Amino acid sequence: MPATIEHIDFHGLPALRLATASGARAVVALQGAQVLSWTPPGGVERLYLSPRACFDGRSPIRGGVPVCFPQFADLGPLQAHGFARTLPWAVVSERTGSDFALLGLGLTDSEASRALWPHAFRVELHVLVEDSRLELELEVENPGDETLEFTAALHTYLAVREVEESRIEGLHGFSYRDKTAANRVTRDSGDVLVIEAETDRVYHDVNRPVLLREYDRSLGINADGFPDVVVWNPWVERSAAIPDLPEGGFRHMLCIEAAAARQPVQLPAGEAWWGRQTLVAL
Ligand code: TA6
């Protein structure tokens, strides 16, 4: 059977299901161009989607890969993580080959976006599913006549069996801003990062892949174009204040995000910027 891209309804929202001959699958909602599910061949889900996620078509969806644009977190005057994650995106391309499915979704400025952020922009997210790989590429074009300034992220919620038993390798030696310690900047000196408390860090200029190890599986995580890596887990107290996460849900999720957060991107008129995150199930 060749690879396919099918238009489906997912919890009442318009979405697309990508499927390859080798058995990889992904579901992408038009709302926010948000990847909500990814199962490499073998059929084990590798993204966390909260069982309490809200699918009302307006609220941010807790889980999968929210696209944060044109603002990461609270680094500016807009709503947290910007407006792109709650707006409907349009399908701009669908391609399938012998064993890959590639979907392009786009969002351009509108009256609603300009009321919040008075700039012309065009954003596309390309989602590629191939073998054990999920590749997400965010491209931002500046069709206006002034430099565009933004921060952005692919806010990837990974599914983990037990967060405390997960090991993140590859961040040794990089500096990070620690949101749980009044934004103090610290250098990571551990061999591995183990999550045993609330963790909310922006690692700066990470120029090598990160490996998420669990006892019976691993995930390679690479970013191009996005200089920063965010690691987030809300842990017990903070997650109790997040209504769309179930009790204990924080144990089964770990966000490892590709971000342009520390330095806003300065995009001159007429130019384009892109950033990519690649996940490889091992
Ligand atoms: O990327 C980490 C972070 O900015 C955390 O500080 C936390 O707020 C999280 O994102 C989730 O944000 P959300 O707006 O989706 O609740």
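Predicted, not measured: the structure shown is a model, and the values here were computed from it. Remember, it's 1-based here, ligands and their atoms both numbered in the order they're listed.
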So if I count the atoms of ligand 1 from 1 in the order they appear, which ones are less than 4.0 Å from some heavy atom of K179? 6 (O)
Could you tell me which atoms of ligand 1, counted from 1 in the order shown, lie closer than 4.0 angstrom to a heavy atom of E257? 1 (O), 2 (C)
With a 4.0 Å cut-off on heavy atoms, does R85 reach ligand 1? yes
Atom 6 (O) of ligand 1 has as its nearest protein heavy atom D200 OD2, 2.5 Å
For Q277, give me all partners under side-chain hydrogen bond (donor to acceptor under 3.5 Å, both in side chains), at least two apart in sequence or on another chain. T156
Report, in ascending order of atom number, the atoms of ligand 1 lying under 4.0 Å from any heavy atom of A73. 4 (O)
Give the residue, atom name and distance (to 0.1 Å) of the protein heavy atom nearest atom 13 (P) of ligand 1. R62 NH1, 3.6 Å
Have a look at Y157, W232, F72 and point out the one with the heavy atom closest to atom 7 (C) of ligand 1. W232
When rounded to the nearest 0.5 angstrom, what is the spacing between OG1 in T39 and CZ in R25? 6.5 Å
Between F226 and W273, what is the ring plane arrangement, given parallel below 30°, perpendicular above 60°, and tilted in between? perpendicular
Which residues satisfy the ring pair (Phe, Tyr, Trp, His ring centres under 6.0 Å) test with H119, sequence neighbours excluded? W117
Nearest 0.5 Å please: distance from the CG atom of N233 over to the CG atom of L158. 11.0 Å
Closer than 4.0 Å to some heavy atom of H155 - which atoms of ligand 1 meet that? 1 (O), 2 (C), 3 (C), 9 (C), 10 (O), 11 (C)
Is the ring pair F69/F83 parallel, tilted or perpendicular, if the boundaries are 30 and 60 degrees? perpendicular
If you scan protein heavy atoms around atom 12 (O) of ligand 1, the nearest is H81 NE2, 3.3 Å
If you measure from CD on E165 to CD on E214, what distance do you get to the nearest 0.5 Å? 9.0 Å
